[in-house]
Amino acid sequence: MKILIDDADLEKIREIYGVYSVDGVTTNPTILAKTGKPPFEILKGIREYIGQEAELHVQVVAGYAEGMLEDARRILKELGENTYIKVPVTREGLKAIKALKMEGVNVTATAVYTRMQAFLAGKAGADYTAPYVNRIDNLGADGLKTAKDIHDIFKRNGMRTEVLAASFKNSQQILELCEYGVGASTIAPDIMEGMIKNECVTAAVERFVSDFEQLCGTGKTMSDC
Ligand code: G3P
């Protein structure tokens, strides 16, 4: 399963990249707004840091297909041809996805709340569809099951579209989708950090250090004992 960072704060992205093996960065208009900076200034900084080969997903904002295509052209011009254009799966969005795929553009179908949307986006040729796990849960439905069902729809129908699961509330949800074999998850930095936080592990490591220090002296390690 690919792992992407769902944030546009370059400092947080650097922090996560320094620790974890990640495949890229996803953004949306809300995430960009949180930075308080001009969109392309922040996005160019991210692209420069992660490199041209890493996945960068950037969302269109226009409400109509023609405007979405114009947004996409600007995004690709500023950030490189391999950037994934995120398009909400609305009626207009489907038109735009179809047109973008005919031009060979990488597309992530987003704002996916239903299997129906995902299926239509897959038919339109999207590379990824992004079900919003937590937001689906908040509607009284089952976000993880929806993501798994969408994965099954693609596999059973021989469609090449992959799930890019988004909107998580805890780390366990990501592991569950990994076990199921979904293609990718995009994860907020605090949820990502939660994947490695474990007090039992911390206590075990502290015990190893204190036992070694009793043997060799305070502050001693294998390199200087
Ligand atoms: O890209 C979609 C994702 O960022 C939504 O997450 O936490 O706003 O539901 P959230």
Side-chain angles (χ1 to χ4, degrees), residues 1-13 15-17 20 22-37 39 42-43 46-47 50 54-63 68 71-72 75 79 83-90 93-94 96-97 100 105-115 117-118 120-122 126-148 150-151 161-178 182-195:
M1 183 175 78
K2 286 186 186 171
I3 285 183
L4 295 102
I5 305 171
D6 203 21
D7 207 303
D9 182 323
L10 194 49
E11 283 316 302
K12 287 186 190 167
I13 291 168
E15 187 68 30
I16 297 293
Y17 255 75
Y20 304 94
V22 293
D23 300 283
V25 172
T26 59
T27 63
N28 64 34
T30 305
I31 286 172
L32 290 176
K34 282 183 192 154
T35 70
K37 294 181 183 156
I42 196 78
L43 288 165
I46 295 170
R47 173 54 91 197
I50 66 175
E55 290 190 15
L56 177 59
H57 298 238
V58 180
Q59 192 164 325
V60 297
V61 178
M68 291 176 185
D71 280 2
I75 292 166
L79 302 166
T83 304
Y84 283 76
I85 304 298
K86 290 179 72 179
V87 181
V89 185
T90 58
L94 284 173
I97 291 170
L100 287 169
V105 173
N106 294 322
V107 174
T108 297
T110 196
V112 170
Y113 287 75
T114 68
R115 293 167 295 155
Q117 281 176 291
L120 292 173
D127 299 278
Y128 289 111
T129 63
Y132 287 2
V133 173
N134 192 40
R135 296 193 195 189
I136 294 168
D137 280 353
N138 286 338
L139 293 173
D142 187 333
L144 284 180
K145 184 171 185 308
T146 302
K148 291 175 185 175
I150 292 169
H151 173 85
T161 311
E162 292 285 353
V163 168
L164 168 54
S167 180
F168 291 103
K169 65 171 181 289
N170 64 56
S171 310
Q172 174 62 23
Q173 293 175 318
I174 296 152
L175 189 62
E176 198 169 323
L177 292 183
C178 181
V182 308
S185 288
T186 184
I187 310 168
D190 59 327
I191 303 287
M192 187 93 86
E193 296 285 16
M195 294 179 80

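If you're wondering where the values come from, they're calculated on a predicted model, not measured in any experiment. Hydrogens, waters and symmetry mates play no part in the numbers below; they use all other heavy atoms, side chains included. Every number for a ligand or one of its atoms is a count from 1 in the order of the listing.
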* **Distance filter under 4.0 Å to Tyr132 heavy atoms, resulting ligand 1 atoms** => 1 (O), 2 (C)
* Any atoms of ligand 1 less than 4.0 Å from a non-hydrogen atom of Asn28? List them with their elements. => 1 (O), 2 (C), 3 (C), 4 (O)
* Distance from Leu175 atom CG to Met1 atom CE, nearest 0.5 Å? -> 8.0 Å
* When rounded to the nearest 0.5 angstrom, what is the spacing between NZ in Lys148 and CD in Glu176? -> 3.5 Å
* **Contacts of Tyr20 that satisfy ring-ring contact (aromatic ring centres under 6.0 Å, His included) - sequence neighbours left out** => none
* Apply side chain to side chain contact (heavy atoms under 4.5 Å, CB included) to the pair Ile16 and Glu193, showing each step before the final yes or no. => CA-CA 8 Å; Ile16 297 293; Glu193 296 285 16; 3.8 Å; yes
Write out the residue and atom name of the closest protein heavy atom to [atom], then the distance separating them to 0.1 Å.
| atom | result |
| --- | --- |
| atom 3 (C) of ligand 1 | Asp6 OD2, 3.2 Å |
| atom 5 (C) of ligand 1 | Arg135 NH2, 3.6 Å |
| atom 7 (O) of ligand 1 | Ser167 OG, 4.0 Å |

Atom pairs and distances, donor-acceptor, side-chain atoms in residues 130-141, under 3.5 Å, two or more places apart:
{"residue": "Tyr132", "atom": "OH", "partner": "Thr110", "partner atom": "OG1", "Å": "2.9"}
{"residue": "Tyr132", "atom": "OH", "partner": "Ala111", "partner atom": "N", "Å": "3.4"}
{"residue": "Arg135", "atom": "NH1", "partner": "Tyr113", "partner atom": "OH", "Å": "3.4"}
{"residue": "Asp137", "atom": "OD1", "partner": "Gly143", "partner atom": "N", "Å": "2.7"}
{"residue": "Asp137", "atom": "OD2", "partner": "Lys169", "partner atom": "NZ", "Å": "3.1"}

* **Check: Asp127 side chain, Val107 main-chain N or O, donor-acceptor pair, under 3.5 Å** => yes
* Asked: Quick one: does Lys86 get a heavy atom under 4.0 Å from ligand 1?
  -> yes
* **Asn134 touching ligand 1 at heavy-atom level, < 4.0 angstrom** => no
